[in-house]
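In what follows, chains carry the letters A, B, and so on, assigned in the order in which the sequence lines appear, proteins first and then strands, with residues in each chain numbered from 1. Remember, predicted model here, so these are calculated numbers, not experimental data.
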2 protein chains.
Amino acid sequence: MNGRSKHLPADERRAATVEAVVDLAAEQNPSDITTTAIAQRMGLTQGALFRHFPSKDAILQAVMSWVTERLLARVDKAAEEAASPATALEAVFMTHIDFVSEHPGVPRMLFGELQRPGETLPKRMAQTLIRHYGERLRGLLEAGKARGELHVDLDPDAAATLFIGTIQGLVMQSMLAGDVARIRADAPGVFAIYLRGIGAAS
Amino acid sequence: MNGRSKHLPADERRAATVEAVVDLAAEQNPSDITTTAIAQRMGLTQGALFRHFPSKDAILQAVMSWVTERLLARVDKAAEEAASPATALEAVFMTHIDFVSEHPGVPRMLFGELQRPGETLPKRMAQTLIRHYGERLRGLLEAGKARGELHVDLDPDAAATLFIGTIQGLVMQSMLAGDVARIRADAPGVFAIYLRGIGAAS
DNA sequence: CGAAAGAAAGTAATCTATTACTATCTATCC
DNA sequence: GGATAGATAGTAATAGATTACTTTCTTTCG
């Protein structure tokens, strides 16, 4: 843990690389992030990155792993601690909002990866992440229906799509205003409408 | 209208260029669209594009003009023909869904333009488009509240954000499935939840 | 013919990735 | 415990591909 050390172990550099990419994605179009920009933010030369990653796609792959672990872990924990499906949905939402407030580049990267043509590994990881996320949502929505907390006629697939869209809309609004803080500020009002939509509000 | 003619007038080429970009945006990341790809789709050489546009940004600017005119015109017409604010909202939504079903690349381009750093002209056009769209939505939502069609406590800003997020969520879901038709198929179910959320459903 | 439209080729900049070499860390041996 | 060898991490330079844009020449069409 020497602050003066210039050579860091590989795993620490890999973690620092992922953070650099996540930070850069908050400031610019993720698909425009160059290896030079990543290295510059880390205080390294561009070529040094390829000591730790075989390719740029391998870097993006590491970022997707990072996002999957962190986001799903936090979201699952929030859901487990909730007393009922309806409160779990709210906890998941707020946890997710916290996450994208801390890392505004993440939803942009996910959206961007989905747009890539072909079948790259980072793209597949983004797809499976969102699919798993959707499955958790549908599970909570079904449970809420079974408990009578949500509307009987509720379509869980549509409700899960709208849940994700709710966050996406907040992200878009924050980009319009150029103000990340708006995500958290506007979240409660938007989610209140969603709650009423699925029948959870009195 | 000679099919054999090889030299088209400038305005027709400009229109064809815009369509080529919109089509390409449906298949790949909009920020990865190259002038070579645009020209190839039009059956031209890359350099020929610059006979009609001074720069690539000028092409994107023309695309944004095209989107603004078409989308707002269709949406305004749908709203005018509706009997009440609540039915107008539904008409606007379905019209918008029809538009993005025909041109799935458009929401991607708008989202992508918002992410660009700096202050480019295409980015500003995307911002103003979405702002104007939001103003129309807030107008309808306010009118609906005044008529008692929508919930008294409804926050029009939050409802407008969620309206846009609803569409964004459908676009994301269609990218996940790799199936554009899902946008239109899933739209009614998702919008039904939104309607209940703003208090328009009985 | 003359002007507009396009082809073909070229340019400068930028991107990922590789190479040859150097600096730093760490484990081992006497 | 200090010198040292081997492994790891980093730099600088550059290759090769791709980008937006230009230039020169040719074709098309009224």
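If B:Thr34 and B:His7 are placed on DNA chain D by their nearest nucleotide, the residue sitting closer to the 5' end is B:Thr34.
Within 4.0 Å of B:Thr45, counting heavy atoms only, lies at least one base atom of the nucleic acid. Residue A:Ile59 is out of contact with every strand shown, counting any heavy-atom pair closer than 4.0 Å. Using a 4.0 Å heavy-atom cutoff across all strands shown, B:Ala48 reaches sugar-phosphate atoms only and no base atom.
Here the P atom of nucleotide D:dT11 and the CZ atom of A:Phe50 are 14 Å apart, to the nearest Å. Going from atom CD of B:Glu12 over to atom P of D:dC29 covers 13 Å, rounded to whole Å. The distance from atom CG of B:Leu60 to atom C1' of D:dA20 is 12 Å, rounded to the nearest whole Å. Following rounding to the nearest Å, B:Asp57 (CG) and D:dT19 (P) show an atom-to-atom distance of 17 Å. Put simply, CD on B:Gln28 is 14 Å from C1' on D:dT18, counting in whole angstrom units. Between the CZ atom of A:Arg13 and the P atom of C:dA23 there is a distance of 18 Å, rounded to whole Å. Atom CG in B:Leu44 sits about 14 Å away from atom C1' in D:dT28, given to the nearest Å. The distance from atom CD1 of A:Ile38 to atom C1' of C:dA17 is 13 Å, rounded to the nearest whole Å.
Proximity of A:Leu195 to A:Ile198: side-chain heavy atoms (C-beta onward) are separated by under 4.5 Å at one or more points. Contact check for A:Pro122 versus A:Asp57: side-chain heavy atoms found under the 4.5 Å cut-off.
Distance from the side chain of B:Lys56 is smallest to D:dA20 among D:dA20, C:dT18, D:dA9. Listed nucleotides: D:dA20, D:dC21, D:dG10. Nearest to the side chain of A:Arg51: D:dG10.
In this pair, B:His103 and B:Trp66 present their aromatic rings perpendicular. The plane angle is above 60°, beyond the 30 to 60° band.
Note: A:His96 and A:Phe163 fail the aromatic proximity criterion, with ring centroids not under 6.0 Å apart.
When the side-chain nitrogen and oxygen atoms of A:His52 are compared with OP1 and OP2 of D:dG10, one or more of them lie within a distance under 4.0 Å.
Put simply, the side chain of B:Gln46 and the base of D:dC21 share a donor and an acceptor less than 3.5 Å apart.
Using a 4.0 Å cut-off between charged side-chain N and carboxylate O, A:Glu135 and A:Arg138 make no salt bridge.
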